[in-house]
> 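Please see the structure below; I have some questions.
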2 protein chains.
Amino acid sequence: MREGPDIARIASLVGDPARANMLNALMGGTALTATELALEAGVSLPTASSHLSKLMEGGLLTLASQGRHRYYGLASAQVAGMIEAIIGVAEAVGPKRVRPGPRDAAMRVARVCYDHLAGEQAVAMLDRLFDRKLLLREDNEIRLAPAGASHFTALGIDIDRKARRPVCRACLDWSVRRSHLAGTLGAAILDKIIAEKWARREKDSRAVVFSPTGRQAFEKVFLA
Amino acid sequence: MREGPDIARIASLVGDPARANMLNALMGGTALTATELALEAGVSLPTASSHLSKLMEGGLLTLASQGRHRYYGLASAQVAGMIEAIIGVAEAVGPKRVRPGPRDAAMRVARVCYDHLAGEQAVAMLDRLFDRKLLLREDNEIRLAPAGASHFTALGIDIDRKARRPVCRACLDWSVRRSHLAGTLGAAILDKIIAEKWARREKDSRAVVFSPTGRQAFEKVFLA
DNA sequence: AGGATGGTTCGATTGCGGTCGAAACATCCC
DNA sequence: GGGATGTTTCGACCGCAATCGAACCATCCT
């Protein structure tokens with residue numbers, strides 16, 4: 001029994017499903033709040049909080065307190081690299097993914113992520129918004145372009161610039177491994193989708209189901 | 001909530017102290033028997049056997065049966081790379097052990113990483129190979145330059161281009177936070193170092209110790 | 001065949017850690 | 001101040017997986 005760095009301690013931190021999901025969500029590079037991470041991980045808030053303090057104690061996360069919000073992020077690129085390496089092995093070793101059930105499929109297409117839309121639809125939407133130069137990539141951040149500001153107000157989407165939350169934020173999607181749009185703008189867009197009755201939230205699920213006409217409307221506006 | 005690759009499953013395999021010790025022991029690159037691994041891990045034989053079957057099922061190990069001996073080894077260089085990455089994080093966040101022992105110092109200078117050389121010497125070597133344009137950086141990958149191909153064959157280092165493994169790969173070093181050379185070329189170079197008796201492997205350790213003349217020879221060939 | 005050595009399976013025990021509800025604490029907003 | 005929202009702490013519950021001894025299987029040796 002030879003002594004080395006405590007690799008078991010680090011690995012076991014990642015080895016819990018809830019914590020793994022949190023870390024995966026944080027792989028996008030943007031810090032998230034405890035509540036968001038609880039949702040991503042699918043656990044209650046107390047449980048998430050407990051996990052987060054363990055991850056902090058283990059040195060895998062950093063914490064930035066902003067008022068009553070506490071943003072958790074990966075501690076370093078080294079940690080991110082480790083997680084990438086683990087993901088790599090997991091993909092190589094478990095190519096067989098269990099057949100996704102119907103609800104699972106719906107979740108992949110569109111679901112609620114905290115207060116904004118996630119899933120394939122949301123990822124496609126963000127792509128298009130970049131294409132149309134309504135949003136701009138800046139390093140790991142997203143900025144609202146001037147053209148975007150007028151565009152969204154014209155659509156009746158109110159952009160709350162005063163809120164403490166950022167207007168735009170990238171949020172990593174677990175189904176597609178790409179980013180979708182969070183922040184107040186992301187939230188406002190989801191509000192509109194629900195308000196216009198383009199889609200409804202599935203009961204007791206994060207899934208968001210579009211009606212046929214609603215889907216057309218949504219695609220016309222956001223995926224055109 | 002649910003995600004693609006089951007990273008928690010893989011990480012939790014490494015997250016048990018007994019299994020972590022086994023994997024750490026296997027990082028030396030030589031396959032070991034169940035009894036040896038039980039000893040390394042400090043657990044009874046039945047316990048070790050149980051762990052080993054879990055690691056096998058998880059795809060982290062390969063098994064080679066030879067008579068009544070069963071030799072367990074790491075399944076792939078990818079798995080080894082993942083473990084290196086975890087070690088790196090553990091080193092970075094771990095309570096720095098007071099005074100790194102002599103063996104620790106040797107490990108930092110040069111050690112075996114699965115089947116290739118790691119440590120400061122290996123990092124310096126890769127730097128020089130880039131400088132001399134024998135290897136080329138390409139995004140995150142490493143390519144063998146035409147000049148490099150002839151150079152290594154002239155040194156009597158055989159490059160197996162047909163193997164499924166890549167010829168060159170970057171592997172992150174835990175002691176220095178930089179990359180060293182893995183892949184078939186990395187393995188071939190380590191082979192040469194041992195074959196030429198420039199260095200020998202420390203018993204029961206991953207450390208690689210250069211002899212004075214061997215060090216000179218190595219530096220002349222690879223660090224010139 | 002019989003004994004010795006290497007490995008695995010079985011069964012029972014045990015303790016650690018993940019989980020949540022309720023309550024406490026902190027911060028913001030009006 | 002008072003109410004709302006975000007977050008952590010507390011306490012209790014429960015399940016799972018790690019552990020080992022003993023029995024069982026496999027292979028080698030003579």
Side-chain angles (χ1 to χ4, degrees), chain A residues 1 6 8-23 26 31-58 60-73 113-115 160-166 169 182-184 187 204, chain B residues 1-2 6-23 26 31-58 60-73:
Chain A
M1 174 140 65
D6 200 348
R9 176 172 148 73
I10 300 300
S12 70
L13 282 174
V14 188
D16 175 82
R19 287 192 293 260
N21 285 331
M22 291 175 173
L23 292 169
L26 290 172
L32 300 173
T33 68
T35 315
E36 290 170 311
L37 287 168
L39 279 165
E40 282 293 336
V43 293
S44 76
L45 220 91
T47 303
S49 181
S50 157
H51 284 308
L52 288 170
S53 53
K54 279 170 192 170
L55 288 170
M56 283 295 296
E57 198 180 354
L60 299 190
L61 297 187
T62 51
L63 174 57
S65 287
Q66 284 181 21
R68 61 180 160 182
H69 296 266
R70 316 194 71 184
Y71 286 93
Y72 290 92
C113 175
Y114 185 47
D115 62 358
D160 181 7
R161 295 162 170 286
K162 290 179 208 137
R164 211 136 320 190
R165 305 175 53 195
R169 251 195 35 231
T184 56
D204 287 333
Chain B
M1 188 120 67
R2 211 180 318 180
D6 196 348
I7 122 174
R9 177 172 151 72
I10 300 300
S12 70
L13 282 174
V14 189
D16 176 82
R19 288 194 292 260
N21 283 330
M22 292 176 172
L23 291 168
L26 290 173
L32 300 172
T33 67
T35 320
E36 291 170 310
L37 288 168
L39 202 61
E40 282 289 338
V43 294
S44 76
L45 222 106
T47 303
S49 181
S50 157
H51 284 308
L52 288 169
S53 53
K54 279 170 192 171
L55 287 169
M56 283 294 297
E57 197 181 353
L60 299 191
L61 297 186
T62 51
L63 173 58
S65 287
Q66 284 181 20
R68 61 179 160 183
H69 295 268
R70 317 193 70 185
Y71 287 94
Y72 290 92

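By convention in this document, chain letters (A, B, ...) are assigned in the order of the sequence lines, proteins followed by strands, and residues within each chain are numbered from 1. Computed from a predicted structure; not experimentally measured.
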> Please report, rounded to the nearest Å, how far the P atom of C/dG17 is from the CG atom of A/Leu13.
11 Å

> State the OG-CG distance between B/Ser50 and B/Leu45, to the nearest 0.5 angstrom.
11.5 Å

> For A/Ser12, is there any backbone N or O sitting under 3.5 Å from a side-chain donor or acceptor partner on A/Arg19?
yes

> Answer with base, sugar-phosphate or nothing: what part of the nucleic acid does B/Tyr71 contact at a heavy-atom distance below 4.0 Å?
nothing

> Rounded to the Å, how far apart are B/Lys54 NZ and D/dA17 C1'?
6 Å

> Less than 4.5 Å apart, any side-chain heavy atom of B/Thr33 and any of B/Tyr71?
yes

> So, taking the atom named CZ in B/Arg9 and the one named NZ in B/Lys54, what distance separates them when rounded to the nearest 0.5 Å?
11.0 Å

> Any side-chain heavy atom of A/Val14 sitting closer than 4.5 Å to one from A/Leu60?
yes

> Respond yes when some side-chain nitrogen or oxygen of B/Thr35 is under 4.0 Å from OP1 or OP2 of C/dG7, and no when none is.
yes

> Which nucleotide, C/dT19, C/dT9, D/dT7, lies nearest any side-chain atom of B/Ser49?
C/dT9

> Is the phosphate of D/dA17 approached by B/His51 (side-chain N or O, under 4.0 Å from OP1 or OP2)?
no

> So, is A/Tyr72 near the phosphate of D/dG6, with a side-chain N or O under 4.0 Å from OP1 or OP2?
no

> Tell me: CG of A/Leu39 to C1' of D/dG6, nearest whole Å?
13 Å

> At what angle, to 10 degrees, do the two end axes of the helix from C/dA1-D/dT30 to C/dC30-D/dG1 meet, given five pairs define each axis?
30°

> Report the distance from atom CG of B/Leu55 to atom P of C/dT8, rounded to the nearest whole Å.
12 Å

> Rounded off to whole Å, could you give me the CG-to-C1' distance for the B/Leu63 and C/dT8 pair?
12 Å

> Take atom CG of B/Leu45 and atom P of D/dC25, then tell me their distance rounded to the nearest Å.
18 Å

> Base, sugar-phosphate or nothing for A/Ala18? Non-hydrogen atoms, less than 4.0 Å.
sugar-phosphate

> Mind calculating the distance between CG (B/Leu52) and C1' (D/dA18) to the nearest angstrom?
14 Å

> For B/Ser44 and D/dG21, is the shortest distance between a side-chain N/O and OP1 or OP2 below 4.0 Å?
no

> I need the single residue from A/Leu32, A/Leu55, A/Val43 that forms a side-chain contact (heavy atoms from CB on, under 4.5 Å) with A/Leu37. Which is it?
A/Leu32

> Which part of the nucleic acid, if any, lies within reach of B/Thr47 when heavy atoms closer than 4.0 Å are counted: base, sugar-phosphate only, or nothing?
base

> For the pair made of CG in A/Asp16 and P in C/dC20, what is the distance, rounded to whole Å?
11 Å

> May I ask you to evaluate whether A/Arg70 reaches the phosphate of D/dT8, defined as a side-chain N or O under 4.0 Å from OP1 or OP2?
yes

> Would you say that A/Leu13 contacts A/Leu23 through its side chain, given a criterion of any heavy-atom pair below 4.5 Å between the two side chains?
no

> Is the phosphate of C/dG18, meaning OP1 or OP2, less than 4.0 Å from a side-chain N or O of A/Arg19?
yes

> To the side chain of B/Thr33, which of C/dG21, C/dG7, C/dG18 is closest?
C/dG7

